[in-house]
Novice: 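Handing you this structure, nothing more for now.
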Amino acid sequence: MGILVFISVLLVAACGLIYELVAGTLASYLVGDSVFQFSTIIGTYLFAMGIGSALSRYINRGLAIASCGSSLSLALSVAFPLRC
């Protein structure tokens, strides 16, 4: 059971890093100033992980994390033309 938990934590962590890099890359492509964009994305990501960690004690059932993270780049691509 311990190895299964380790593998699932490893997969979730890898997906989180991939989501963070995709969001930072997309934001720097769309807006420019890659240092500012990556800093903002990483800061926001760490803040959201802290909030999610604090709120996780109140959630008793599994949520679809993959659908939220994978739709992030699509949502940013759609929202960018609305800003301009």
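Count residues from 1 along the sequence.
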Novice: With a 3.5 Å distance limit and no angle check, can you tell me whether Ser8 reaches the backbone of Val5 through a side-chain donor-acceptor pair?
Specialist: yes
Novice: State plainly whether one hydrophobic cluster holds both Leu17 and Ile41, where clusters connect Ile, Leu, Val, Met, Phe, Trp and Tyr through side-chain heavy atoms under 4.5 angstrom apart.
Specialist: no
Novice: Any idea which heavy atoms bring Gln37 and Gly32 closest together, and the distance?
Specialist: CG-O, 3.1 Å
Novice: Are Leu11 and Phe6 grouped together when hydrophobic residues (ILVMFWY) are joined by side-chain heavy atoms under 4.5 angstrom apart?
Specialist: yes
Novice: Locate the shortest heavy-atom distance separating Glu20 from Ile42; write the atom from each residue and the value.
Specialist: OE2-CG1, 2.8 Å
Novice: Find the distance between OG1 (Thr44) and CD1 (Ile51) and round it off to the nearest 0.5 Å.
Specialist: 12.0 Å
